[in-house]
Amino acid sequence: MSQGPAGTDQPSGGSADPAELRAALEAIMLVVDEPVSETVLAGVLAQPVERVSAALGELSAEYTAAGRGFDLRQAAGGWRLYTRAELAPYVERFVLDGQQARLTQAALETLAVVAYKQPVTRSRISAVRGVNCDGVIRTLLARGLVEEAGTEPETGAYLYRTTNVFLEKLGLDSLDQLPSLAPLLPDDLEALDPDARRMRERADVD
Amino acid sequence: MSQGPAGTDQPSGGSADPAELRAALEAIMLVVDEPVSETVLAGVLAQPVERVSAALGELSAEYTAAGRGFDLRQAAGGWRLYTRAELAPYVERFVLDGQQARLTQAALETLAVVAYKQPVTRSRISAVRGVNCDGVIRTLLARGLVEEAGTEPETGAYLYRTTNVFLEKLGLDSLDQLPSLAPLLPDDLEALDPDARRMRERADVD
Amino acid sequence: MAESRAAADGAAADDSASGFTVRLDNFTGPFDLLLQLISKHKLDVTEVALHQVTDEFLAYTRALGEAADLDETSEFLLVAATLLDLKAARLLPAAEVEDEEDLALLEARDLLFARLLQYQAFKRAASHLAELHASGARRWPRAVTLEPRFAQALPELVLGVGPQRLAALAAKVLRPKPVPVVSTDHVHQLRVSVREHAAVLRDKLLRHRTASFRALCGDCRNMLEVVARFLALLELYREGMVAFDQLRALGELTVRWTGGDEPVELDVDEYAGPPLRDRPASRQSGGDST
C-alpha cells in the first residue's frame, strides 16, 4: 500500500499542502450523499473558504479535462460527485442490468419490518434482522417504497416509514388493511420483545 | 447477479477506446454500493473480462500513484471505490455513524476461529478458546461479520461462517487470502485433534 | 462486553494468604492467561515446565473469582486443576512412565499443550485479522443514493408479494431468533403446552363443529405440536367434549365437537413430565412422573 502524501497523524490541523487538501476533498466527496457547501468543507478541513473553493474548482476542471468518468459539480448550494453526463448510457445499462425488477429477499424482509414497526430506525431494523441494513434501506428509498419520517428525539437517528407507492404496490388503501400479525406470532413474544406488545396492540386494532 | 455477454468479443455497444472504457468504469464505480465483479462489468460494457480487469488494475494503480483521495480496491470478489486509508482523519468527521467501533480481542479470536474452521459450531469455537463464546458470536452476528450456515447433522448445533461483509471490512478478496495457519500450528496437533488435520490440509492447499 | 469484564485493567488483587500480589491484565480466557504467563517467564510452550506457572495461574484464578461469573470461573478452574495435577505429579520434564496414572497425566499434559498451541495459532491469526480490520476501518466505501436520473431509469418494480406474504415475512423476521437460546435444544427439548393446544382445538371445533384430525393439525409447525394436539384431543375426549369417527383402521380420523355452543373453560393437565419428543433410551427409563 502506498503512503501517499497524506500525513496520517494530523487529526486537528489543517493541511497546508495543496496535494493533501485535494486528496482530502476527494475522499470526503466520495462518501457524501448530499451536496456539501464550501463553508462546511472549509470548517472541517480548517482551511480558508477561498482555498477550498479554489481547490474544488481545480479538481472539477481537471476531471473534465482528463475525461474522467466522474464529474465534480456544484448543485443546490454545494458540491457533489456525479457521473459524467456523456457516460450515462453505460451507467444506465449497469443500473438496469444489476438491479432486477424484483426485490431481494433481504429487501422484502426489511420492507416487512418497516411496514409493521414504522416509524423505525435503521439500527432497530438491523437489530431485528441481525445484519446491517444500510444498503437495503437505500434500495427501498431509491424505489420509493420507504421514506424518511423525521428523527428519533432521543438519538437523532433517522426514522423510516412506508410510502403511498408501497400501498399501491400491495393493492391496499391504508396501513390499517395490513393483515394482523397477532395470529402469526408466538404468544410469548411480548415478554421477549417490548416492541412486540405495541405491535400486537396495533395489530389487534383492526 | 446477472451474467451478461461477458468475455465475448465486441458485441454491440462496446467501447473500443481505452480512455472511454476507463471513463465508463469510473462512472459505473461511482454508482455501485457493493463490490461488483469483473464479469458483471464486462457484461455491461460488452468487453472481454481480461480487458476490464486490466483497466481496473490500471485505474487503481493510477489513483494510488497520484495520491488521490479515492482508492479502487478488490474486495469480497469484486471492485469498489473506497476512501484512501491515510485520509481517514478527514473522512471521519463526515462519517459519524459509530460503525467503526473496534472489535474486542475476544471477538477477533472468535472471528479467527470461524474464518479458518468454517463452518463451525459454537461449542467447537469455545473449545479452541477455552471460554464460552455465545456473547461474542451474538456480537459478530449483529455486526454482520458471521452468519448462520445451517446445522450440523449429527448434533443439530448451529454452524457459523464468515460473510462478505467480513471480507470487505478486512479488505480481502476471498478467504484464500487469509494467511496459512500451517506455520503457526504444531506438527503433533493432528494426533490429538481430528479437526486440526482437516485444518492443516486446508491451510496447506493455498 | 462480557469478555472484557474480567480485564479490570490495572486492578490489583491482594492474595494475603501467600502474600502474593497479582495484577490482572487483559486476557480473554484461561489459555490466553496461560500463554501470557509462559511468555512472561520467557519459556517455550512446547518445553515449559508448567509447575513454574501453576502458582501464578492459581493466583489469577482466585482473584478472578470475585469478578467473573460462574461459567467463566469454571473454565479457569478446569485448566488450573490440570496444572495442579501436573505439578503434584512432578512429571516434568522427564518422568519414568510406569503406571497408568502417570500415563494419564502425560496425556493430560500433552492435550493441554496441544490445545494451548492451537489457541496460540489462532491468537496470532486474530492479531493478523486485527491489523486487516484496523486498516479496513480507515477506508469508507462509496455508498450513496442513486442519482435521480438513474433512479428513474430503474425498471418498474414488481413487488412479488401480497399483504399476506408480507405479514408472514414480518412475523418470520420478528419472531425471536433461536440464536440467543444457546445450543441446549438437544438437552431439554422445547416444551409445548397441551393446555394451549386444547384451547386451540376448542376454538377451531366451535367454529367448524366437525373436522378431520389432519385439518386440525394443519397449522402445526412441527411433529411435537401435532403430538401435543393429539394429547389435547384425548383430554377433551375424557372431558366428554369431543367424539371420534374413524371408518377404518389408520383411516381419516374425524373429530366432532360435543361440548355445547359456549366456549368453556378447559381443565386440562399439563404434561409436566419428560419432554414429549424422543429422548435417549437410557434417560427415558426411571420413574419420571408424568
Side-chain angles (χ1 to χ4, degrees), chain A residues 1 8 27 30-34 80-83 88 91-92 94-96 99-103 105 108-113 115-117 125 128-130 134-135 138-139 141-145 165-166 169-172 177-181 183-189 192-193 195-196 199 203, chain C residues 131-132 134-181 190-193 195-197 199-200 203-204 207 218-222 224-225 228:
Chain A
M1 170 159 315
T8 15
L30 196 71
V31 296
V32 299
D33 214 347
E34 301 288 323
R80 188 187 193 267
L81 276 175
Y82 295 90
T83 55
V91 180
E92 233 160 63
F94 172 79
V95 167
L96 293 176
Q99 307 251 3
Q100 293 83 356
R102 278 179 184 278
L103 289 177
Q105 182 68 15
L108 279 173
E109 285 179 9
T110 304
L111 188 60
V113 176
Y116 280 91
K117 303 198 103 171
I125 303 168
V128 168
R129 292 196 50 238
D134 293 353
R138 259 198 310 278
T139 304
L141 282 168
R143 290 311 205 143
L145 293 166
V165 172
F166 164 80
K169 295 270 178 199
L170 272 187
L172 299 177
Q177 295 181 334
L178 278 176
S180 166
L181 275 193
L184 301 170
L185 286 173
D187 287 339
D188 55 354
L189 186 53
L192 293 159
D193 180 0
D195 278 4
M199 191 169 53
Chain C
E131 283 165 27
L132 290 176
S135 65
R138 294 168 61 78
R139 289 187 296 263
W140 280 268
R142 170 82 171 169
V144 304
T145 316
L146 214 49
E147 290 167 38
R149 64 171 146 169
F150 299 123
Q152 283 156 16
L154 288 172
E156 173 79 359
L157 183 76
V158 180
L159 204 49
V161 300
Q164 290 301 337
R165 177 84 188 110
L166 191 79
L169 272 173
K172 184 193 117 192
V173 177
L174 295 173
R175 189 171 293 146
K177 304 270 183 308
V179 182
V181 185
L190 300 169
R191 296 291 177 105
V192 293
S193 163
R195 188 181 294 149
E196 280 171 21
H197 281 276
V200 170
D203 296 344
K204 280 175 185 274
R207 235 176 304 136
D219 58 336
C220 287
R221 284 165 303 177
N222 54 45
L224 190 55
E225 292 190 351

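Just so it is clear, the values below take in all heavy atoms, side chains as well, and ignore hydrogens, waters and symmetry mates. Only a predicted model underlies this, so the values are computations on that prediction, with no experimental measurement involved. Order of the sequence lines sets the chain letters (A, B, ...), proteins ahead of strands, with each chain counted from 1.
The CG atom of Leu30(A) lies 13.0 Å from the CZ atom of Arg139(C); values are rounded to the nearest 0.5 Å.
The candidate with the highest count of non-hydrogen atom pairs below 4.5 Å against chain C, out of Ala142(A), Gly144(A), Gly171(A), Ala88(A), is Ala88(A). Most heavy-atom pairs under 4.5 Å with chain C: of the set Leu81(A), Val31(A), Val91(A), this distinction falls to Val91(A).
With a 4.5 angstrom heavy-atom cutoff, Thr110(A) does not touch chain C via any of its atoms. Only the backbone of Val32(A) has a heavy atom closer than 4.5 Å to any heavy atom of chain C.
Remark: Asp203(C) pairs with no residue by the side-chain hydrogen bond (donor to acceptor under 3.5 Å, both in side chains) rule, at least two apart or across chains. Listed by chain and residue number, nothing satisfies the side-chain hydrogen bond (donor to acceptor under 3.5 Å, both in side chains) test with Lys204(C) (two or more places apart in sequence, or in another chain).
When all heavy atoms are compared, the tightest approach of Pro163(C) to Leu172(A) is CG-CD2, 3.8 Å. The two residues Leu169(C) and Ala112(A) come nearest to each other via the heavy atoms CB-CB, 4.0 Å.
The side-chain heavy atoms of Lys117(A) and Leu174(C), taken from C-beta on, include a pair separated by under 4.5 Å. When side chains are defined from C-beta on, Phe166(A) counts as touching Leu166(C), because their heavy atoms get closer than 4.5 Å.
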